[in-house]
Amino acid sequence: MVAIKRTASVSSPPGDAFEYVADWRNFPNYVPMFADMNVTSLVQYGLGTSVDLMMLFGDRVEMRTTLDVVDFQKGRRIVFKSSRGVRTRIEWSFKEFGGKTLVTLDFEFEMPPTMNIREDEKQGLARTMEEAWGKSLEMLRWILESRPPSRD
């Protein structure tokens with residue numbers, strides 16, 4: 001299993017950062033490896049939300065995956081876990097820190113055993129995923145810092 005952890009300090013209120021990430025419709029804005037997304041649950045926000053999407057791994061690998069929100073602590077933490085497709089767990093946490101928001105991303109994935117790829121290809125894929133998540137977190141920071149704060 002590949003595990004990636006990234007942290008960023010963002011000039012945005014924690015609640016604003018949380019709400020932006022909690023809305024699955026915003027994923028394409030900062031996670032380009034998620035494509036062709038559709039909610040598959042009646043719930044569209046919070047615990048119980050399920051989103052079917054195409055995960056793009058590098059240049060050649062595409063796999064359908066369903067991500068479910070399995071933990072939702074409003075304003076603090078969201079955890080997505082796959083119920084179908086690539087074994088995936090994505091955790092976002094948000095914490096006020098010195099007038100900014102500390103955003104932490106934990107991403108874990110395991111390619112299915114049915115994927116017949118060499119060890120060097122697996123390692124290259126892991127490096128590609130780590131770079132992609134780093135860019136996604138930077139894009140999220142840019143988006144959040146470009147938006148006016150909410151009035152709440």
Side-chain angles (χ1 to χ4, degrees), residues 1-41 44-47 49-98 100-112 115 117 121-150:
M1 177 163 290
V2 175
I4 298 165
K5 185 169 187 162
R6 294 275 195 228
T7 303
S9 176
V10 180
S11 296
S12 173
D16 290 359
F18 175 89
E19 289 302 326
Y20 192 82
V21 171
D23 187 345
W24 64 271
R25 291 172 291 239
N26 292 326
F27 288 173
N29 298 336
Y30 63 97
V31 187
M33 72 186 81
F34 290 173
D36 189 28
M37 294 184 294
N38 297 296
V39 71
T40 57
S41 57
Q44 298 215 3
Y45 175 84
L47 200 58
T49 302
S50 291
V51 180
D52 183 66
L53 54 89
M54 181 69 70
M55 287 185 83
L56 310 171
F57 293 91
D59 298 332
R60 315 178 281 150
V61 181
E62 298 178 350
M63 298 195 75
R64 290 225 68 87
T65 299
T66 301
L67 294 178
D68 303 324
V69 176
V70 296
D71 189 0
F72 190 85
Q73 298 172 25
K74 192 165 176 66
R76 293 189 7 221
R77 185 171 111 126
I78 305 167
V79 179
F80 299 89
K81 188 173 180 186
S82 61
S83 59
R84 183 176 72 84
V86 179
R87 283 184 49 191
T88 307
R89 183 180 179 280
I90 305 166
E91 178 179 335
W92 292 94
S93 59
F94 308 85
K95 187 165 124 178
E96 196 279 323
F97 183 77
K100 293 188 174 193
T101 299
L102 190 63
V103 178
T104 303
L105 161 71
D106 284 303
F107 175 74
E108 299 173 1
F109 79 98
E110 184 173 355
M111 297 305 286
M115 277 195 69
I117 61 175
E121 291 175 316
K122 286 180 185 178
Q123 291 172 0
L125 184 59
R127 282 189 301 275
T128 299
M129 293 302 292
E130 189 157 356
E131 290 171 12
W133 277 108
K135 289 177 183 175
S136 291
L137 190 53
E138 287 303 311
M139 179 57 77
L140 178 62
R141 177 196 324 222
W142 182 84
I143 290 168
L144 293 172
E145 290 181 349
S146 298
R147 296 164 40 105
S150 68

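Sparse packing is recorded around CZ of Arg76, with 12 or fewer heavy atoms of other residues, nucleotides or ligands lying under 6.0 Å away. No more than 12 heavy-atom neighbours from other residues, nucleotides or ligands sit within 6.0 angstrom of CZ on Phe97.
Note: Tyr20 and Tyr30 have tilted aromatic rings, judged against thresholds of 30 and 60 degrees for the angle between ring planes. Using cut-offs of 30° and 60° for the angle between ring planes, the Phe94 and Trp92 rings count as parallel.
To the nearest 0.5 Å, the span separating CG on Leu53 from OG1 on Thr66 amounts to 7.5 Å. Residue Ile90 holds its CD1 atom at 12.5 Å from NZ of Lys81, rounded to the nearest 0.5 Å. Of the inter-residue distances, the one linking Tyr45 atom OH with Asp23 atom CG reads 9.0 Å to the nearest 0.5 angstrom. One finds the NZ atom of Lys5 at 6.0 Å from the OG1 atom of Thr104 (value rounded to the nearest 0.5 Å). Atom CZ of Phe109 sits about 8.0 Å away from atom OG1 of Thr88, to the nearest 0.5 Å. Distance check, rounded to the nearest 0.5 Å: CD of Glu145 to NZ of Lys100 gives 6.5 Å.
Asp68 contributes no side-chain N or O that, together with a main-chain N or O of Val70, makes up a donor-acceptor pair within less than 3.5 Å.
Between Arg127 and Glu130, none of the side-chain N atoms (NZ, or NE/NH1/NH2) sits under 4.0 Å from a carboxylate O, so this pair counts as no salt bridge. Of the charged side-chain nitrogens involved, at least one lies within less than 4.0 Å of a carboxylate oxygen, so that Lys74 and Glu19 count as a salt-bridged pair. For the pair Arg64 and Asp36, the salt-bridge criterion is met [side-chain N within less than 4.0 Å of a carboxylate O]. A salt bridge is defined here as a Lys NZ or Arg NE, NH1 or NH2 lying under 4.0 Å from an Asp or Glu carboxylate O, and Arg6 with Asp106 fails to meet this definition.
The shortest side-chain heavy-atom distance between Ser136 and Pro32 falls under the 4.5 Å cut-off. A heavy-atom distance below 4.5 Å is not found between the side chains of Val2 and Glu110. Counting only heavy atoms from C-beta outward, the side chains of Ile78 and Val21 approach each other to under 4.5 Å. With contacts defined as side-chain heavy-atom distances shorter than 4.5 Å, the pair Thr101/Phe18 does not qualify. For the pair Pro14/Lys95, no side-chain contact is recorded, criterion being any heavy-atom separation below 4.5 Å from C-beta on. Two residues are said to be in side-chain contact when any heavy atoms from C-beta on lie closer than 4.5 Å; Glu108 and Glu91 fail this criterion.
If you run ring-ring contact (aromatic ring centres under 6.0 Å, His included) between Phe80 and each of Phe34, Phe27, Trp24, only Phe27 comes through.
Side-chain atoms of Asp52 and Thr40 include no donor-acceptor pair closer than 3.5 Å.
A pairwise comparison of heavy atoms in Asn29 and Met139 identifies O-CG, 3.3 Å as the closest pair. Nearest heavy-atom pair, Gln44 versus Arg25, reported as atom, atom and distance to 0.1 Å: OE1-NH1, 3.5 Å. Ala35 approaches Leu56 most closely through the heavy-atom pair CB-CD1, 4.2 Å. Heavy atoms only, all atoms of each residue included: Ser41 and Thr49 are closest at OG-CA, 3.4 Å. Across all non-hydrogen atoms, the minimal contact from Leu47 to Asp71 is CD1-N, 3.7 Å.
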When you look at Phe72 and Arg77, which way does the side-chain contact (heavy atoms from CB on, under 4.5 Å) test go after all the steps? CA-CA 6 Å; Phe72 190 85; Arg77 185 171 111 126; over 6 Å; no
Assess the residue pair Val79 and Arg89 against the criterion (side-chain contact (heavy atoms from CB on, under 4.5 Å)); give the C-alpha distance rounded to whole Å, side-chain angles, the decisive distance to 0.1 Å, and a yes or no. CA-CA 7 Å; Val79 179; Arg89 183 180 179 280; 4.0 Å; yes
